[in-house]
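Note sheet for the following structure.
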There are 2 protein chains.
Amino acid sequence: MRPQKISDQELTVNMLEILRSRGYDGSSLNDLALVGGLKKASLYHRYPGGKETLVQSVLDHFTGEFEHRVFSVLTAKKKKPKKKLTAALRSIALIYDNGGANCLYRALSMQSGMEIFGAQIRENCQKWLKSFEHIGKDFGFKKKKSKLLALESLIKIQGSLVLSNIFGDRKLFIETLNDIKNSYLGN
Amino acid sequence: MRPQKISDQELTVNMLEILRSRGYDGSSLNDLALVGGLKKASLYHRYPGGKETLVQSVLDHFTGEFEHRVFSVLTAKKKKPKKKLTAALRSIALIYDNGGANCLYRALSMQSGMEIFGAQIRENCQKWLKSFEHIGKDFGFKKKKSKLLALESLIKIQGSLVLSNIFGDRKLFIETLNDIKNSYLGN
DNA sequence: GTCTATAGCTAGATAGAC
DNA sequence: GTCTATCTAGCTATAGAC
């Protein structure tokens, strides 16, 4: 057994960078291999199913980050809601590099990506909504208002990511996170 | 001179459908030719510069729709602001097929598309912000508040398009348009 | 103005050496 | 576990017949 040139974890993180910025069709196996310091044939040893399973694995990692750093924080039983929301929003800022990095879900949400990963992307966005709905109720809002706040939060995150990407202006994303926080704290 | 199989206008509209749903890398010249009932070699007669100029032309058409149906409406001197905003939002609903169609700017905003069209996409989004800022002032809001409302509108449109696309739920987009209208009318 | 044919390249994927 | 070499299919693009 030869040693791995790069760990699975590290390779996944590097490939995430490519995929979230170039999308499914725009990311070649050559590109994906190179960011790991590998040749593309080597990727088939780690991902025998090819590109689809490779991206699947990166998508799972990305989703795992949310489950671990955002969803589980928001739905935790202890702590005050304000502390939980603040921590979750800080994690979101981290995951999106303060607006400098795209959302992988969005990057994969063009037709080719949606055909393959649509169901999972939908499912994960649903979890997002549920966990934000949870924190809304935790703040004392009624169910309907909590649902609305959750949806508005997700809309604002996705929209501000699109725009901070187009304008190359991270401030736009940061301020939107603050706006979301204020929508829960009651402006 | 043989007659065209399909008019430039019609071909552009058909190709827009492909590009906005599949992005730059995901749309092959073969796909783009077929929706016009042509072979891909024929596209080089209309667009001698190849794929880049072809997409450029579709992008120009898309931007023209906004200039004509949205920006010019919002900045018109006559009429009451409410009527202008209502008309503009109705046009936006039309352009995005009530949330069923993607934004071409977003579809082209992955890395490969941004390298080529980034400057124009940025410029057009700036025009969007300016025209919404204009209507804000028209409603009597101060400059700062008008700028904020404009930015929030664009964020909400882009975000709700991403989500209505992911969830396959146009209601989400329609309700966001209403939300934007209300943000100008003072809830 | 559109077509067939094809060049030249790069994509995803596989075989087998080391 | 990674590599070189290679296959096939698809891509963008061009040449030239009709």
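Chain identifiers are assigned alphabetically (A, B, ...) following the order of the sequence lines, protein sequences preceding nucleic acid strands; residue numbering begins at 1 within each chain.
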Let me have the donor-acceptor pairs involving side chains of residues 128-136 of chain B, under 3.5 Å, with sequence neighbours excluded, atom names and distances please.
| residue | atom | partner | partner atom | Å |
| --- | --- | --- | --- | --- |
| Ser131(B) | OG | Lys127(B) | O | 3.4 |
| Ser131(B) | OG | Trp128(B) | O | 3.0 |

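- Distance CG/Leu185(A) to CG/Leu85(A): 6.5 Å, rounded to 0.5 Å.
- Straight-line distance from the CG atom of Leu43(A) to the P atom of dT2(D): 9 Å, rounded to whole Å.
- In this structure, Phe167(A) has no ring pair (Phe, Tyr, Trp, His ring centres under 6.0 Å) partners at least two apart in sequence or on a different chain.
- Residue pairs satisfying the salt bridge (Lys or Arg N to Asp or Glu O under 4.0 Å) criterion with at least one member in residues 11-35 of chain A, sequence neighbours excluded, are listed as follows: Glu17(A)-Arg20(A), Arg22(A)-Asp31(A).
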If you look only at distance, which donor and acceptor atoms sit under 3.5 Å apart when one is on a side chain in residues 150-157 of chain A and the other is two or more places apart or in another chain?
| residue | atom | partner | partner atom | Å |
| --- | --- | --- | --- | --- |
| Ser153(A) | OG | Leu149(A) | O | 2.7 |
| Lys156(A) | NZ | Asp179(A) | OD2 | 3.3 |

**Protein-to-nucleotide contact annotation, 5' to 3' order, nucleotides 9-18 of chain C [B base; S sugar-phosphate only; - none; under 4.0 Å, heavy atom]** = --SBBBB--B
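- The stretch residues 106-119 of chain B participates, sequence neighbours left out, in no salt bridge (Lys or Arg N to Asp or Glu O under 4.0 Å) pair at all.
- Counting only residues at least two apart or in different chains, salt bridge (Lys or Arg N to Asp or Glu O under 4.0 Å) contacts with residues 50-61 of chain B are absent.
- Contact annotation: Lys39(B) side-chain N/O to dG1(C) OP1/OP2 distance is not under 4.0 Å.
- Residues from residues 109-119 of chain A placing a heavy atom under 4.0 Å of any atom in DNA chain D do not occur.
- Protein atom CG of Leu34(A) is 14 Å distant from nucleotide atom P of dT2(D), rounded to whole Å.
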For residues 71-78 of chain B, please give each side-chain donor-acceptor pair under 3.5 Å, one per line with the distance, not counting sequence neighbours.
| residue | atom | partner | partner atom | Å |
| --- | --- | --- | --- | --- |
| Ser72(B) | OG | Glu67(B) | O | 3.2 |
| Ser72(B) | OG | His68(B) | O | 2.9 |
| Thr75(B) | OG1 | Phe71(B) | O | 2.9 |

